[in-house]
Amino acid sequence: MSGVSDNINGFLNEITEIDQKITNAKTNIVKIQEFQGQILNSTSTTQENFTTKEREALVSDTRNLLVECKDRIKRIQYDNVRIHSSDPNFGIRQQRYDVLRTKLSNVLEEYRQAESDFMKQTKVRMARQYKVVNPNATQQEIDDYLSNSDSQPIFQQALLRTNEAKSALAEVQKRHEDIKNIESTIAELAALFQELHLQVESQDQTVINIEQNAEATAQKT
C-alpha cells in the first residue's frame with residue numbers, strides 16, 4: 001500500500017476494494033437484523049441457540065470487516081496529508097476519501113442503531129420473564145436488575161417453586177448476558193466512529209499508529 005501515493009491506478013483499486021468491503025458489511029448488518037428478529041420471536045430454545053451462534057459469528061466477521069475498512073480509510077487520509085495540494089491527483093484523492101469515510105460512517109451508525117433497537121427489545125423480553133420469576137417485582141427492581149444483575153441478590157429459592165419460574169430465571173440470566181454483549185458491540189462501534197473522524201497531522205503519532213495498523217491488516221488479509 002506504500003505505493004498508493006504515487007500510483008493513481010493503485011489508489012483507485014484500493015478505493016474499489018474498500019467500497020466493496022463496506023458494502024459487504026452493510027449486507028451483513030441486514031442479515032444480523034434478520035437473526036435478531038428470529039431470536040426475539042423464537043419459541044424453540046434449540047432453534048434460538050442455533051440462531052444466536054450464527055448471529056455471534058456474523059457479528060465477529062462484521063467487526064473485523066469494519067475495523068479493516070477503518071484502518072484502510074485512515075491510511076488513505078494519512079497518504080493525502082503527505083501529498084501537496086498542487087498534486088494533479090489531490091482533488092480526486094480527497095473526494096474519494098470523503099465519500100468512503102461518509103459511507104463507512106453511515107454504516108457504523110446504521111449498525112449502532114440496529115444493536116440499540118435489539119437491546120431495547122431484549123430488555124422488554126427480559127422484564128417479562130423477570131415478572132414470571134418474581135410477580136411482585138416493582139418496575140424499579142426490574143430496572144435495577146437490567147442495569148446490573150451482578151450487584152443484585154440471587155433470587156430466593158422460594159420464588160422458584162414452579163418449573164416455569166426456574167425456566168424464566170434461566171431466560172433472565174441469558175438475556176442479561178445478551179445485553180452485555182450488545183453493549184460491548186455498541187461501544188466498539190462508537191470507538192470505530194471516533195477513530196474514523198480523528199484528524200491527523202503528517203508528523204502526528206496517530207499517523208505512525210495508522211501506518212502500523214494498516215500494514216498489520218494488509219498482512220492478515
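This one's a predicted model, so the numbers in the text were calculated from it and none came from an experiment.
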Gap separating the CG atom of D98 from the CD1 atom of I73, nearest 0.5 angstrom
11.0 Å
Test log, rule side-chain contact (heavy atoms from CB on, under 4.5 Å), inputs N49 and K174:
CA-CA 11 Å; N49 290 340; K174 181 181 183 302; 3.7 Å; yes
Start with the C-alpha distance between N89 and I83, add both sets of side-chain angles, then the distance that settles side-chain contact (heavy atoms from CB on, under 4.5 Å), and finish with yes or no.
CA-CA 9 Å; N89 295 318; I83 295 176; over 6 Å; no
Testing the 3.5 Å rule here: is there a donor-acceptor pair between the side chains of Q113 and D117?
yes
State, to 0.1 Å, how close I186 and S116 come at their nearest heavy-atom pair, and which atoms those are.
CD1-OG, 3.7 Å
For a 4.5 angstrom cut-off between non-hydrogen side-chain atoms, does E14 reach R72?
yes
State plainly whether one hydrophobic cluster holds both F193 and L189, where clusters connect Ile, Leu, Val, Met, Phe, Trp and Tyr through side-chain heavy atoms under 4.5 angstrom apart.
yes
Side-chain heavy atoms of T23 within contact of K103, under 4.5 Å:
yes
Between I182 and T122, what is the shortest heavy-atom contact and its length?
CD1-OG1, 4.1 Å
Minimum heavy-atom separation for A25 and T62, please, with both atom names.
O-CG2, 4.3 Å
Run through K21, R75, K74 and flag the one making a salt bridge (Lys or Arg N to Asp or Glu O under 4.0 Å) with E68.
K21
Quick one, Y97 and D79 - any side-chain contact, counting heavy atoms below 4.5 Å?
no
Tell me whether F50 at atom CZ has more than 12 heavy atoms from other residues, nucleotides or ligands lying less than 6.0 Å away.
no
Are the side chains of D178 and F118 in touch, meaning some heavy atoms are under 4.5 Å apart?
no
Hey, is the main chain of K180 close enough, under 3.5 Å, to the side chain of S184 for a donor-acceptor pair?
no
Side chain of K26, backbone of E110: donor and acceptor closer than 3.5 Å?
no
Answer yes or no for R93 and F11: cation-pi contact, defined as NZ/CZ to six-membered ring centre under 6.0 Å and angle to ring axis within 45°.
yes
What are the two closest non-hydrogen atoms of T138 and E141, and how far apart are they?
N-OE1, 2.9 Å
Mind running side-chain contact (heavy atoms from CB on, under 4.5 Å) on Y111 and N28 for me, showing each step along the way?
CA-CA 10 Å; Y111 191 13; N28 283 1; over 6 Å; no
Check whether any side-chain heavy atom of D19 lies under 4.5 Å from a side-chain heavy atom of V99, and answer yes or no.
no
Side chain to side chain, R96 and I18, heavy atoms closer than 4.5 Å
no
Answer yes when E115 and R63 have at least one side-chain N-carboxylate O distance shorter than 4.0 Å, and no when they do not.
no
For F35, is the NZ or CZ atom of K31 found under 6.0 angstrom from the centre of its six-membered ring and inside 45 degrees of the ring axis?
yes
Which distance, rounded to the nearest 0.5 Å, do you find between the CG of L66 and the CG of L108?
5.5 Å
As an exercise, state the distance from CG of D144 to CD of Q139, rounded to the nearest 0.5 Å.
10.0 Å
Under 3.5 Å, side chain of N41 to main-chain N/O of G37, donor-acceptor pair present?
yes
Between R125 (side chain only) and L40 (backbone N and O only), is there a donor and an acceptor less than 3.5 Å apart?
yes
Smallest separation among heavy atoms of Q36 and A114, with atom names
NE2-O, 3.6 Å
Any side-chain heavy atom of I92 within less than 4.5 Å of one from I8?
yes
If only side-chain N and O atoms count, and only distance matters, is there a donor-acceptor pair under 3.5 Å linking N24 with Q20?
yes
Distance check, rounded to the nearest 0.5 Å: L198 atom CG versus K70 atom NZ?
10.0 Å
Only counting residues at least two apart or in another chain, list the ones meeting salt bridge (Lys or Arg N to Asp or Glu O under 4.0 Å) with E54.
none
Apply side-chain contact (heavy atoms from CB on, under 4.5 Å) to residues R55 and T52 and explain how you reach the verdict.
CA-CA 5 Å; R55 177 187 175 277; T52 297; 5.6 Å; no
Heavy-atom closest contact (S44 atom, S42 atom, distance):
O-OG, 2.9 Å
Any side-chain donor-acceptor pair under 3.5 Å between N13 and E17?
no
Could you please spell out the steps behind the side-chain hydrogen bond (donor to acceptor under 3.5 Å, both in side chains) verdict for N181 and E177?
CA-CA 6 Å; N181 290 335; E177 285 302 311; 5.4 Å; no
Are L65 and V107 connected into the same hydrophobic cluster when the rule is that any two of I, L, V, M, F, W, Y join if their side-chain heavy atoms are below 4.5 Å apart?
no
Under 3.5 Å, side chain of S60 to main-chain N/O of E56, donor-acceptor pair present?
no
Does K131 have more than 12 heavy atoms from other residues, nucleotides or ligands lying within 6.0 Å of its NZ?
yes
With the side chain counted from C-beta on, respond yes when R128 and V124 share a heavy-atom pair under 4.5 Å apart, and no when they do not.
yes
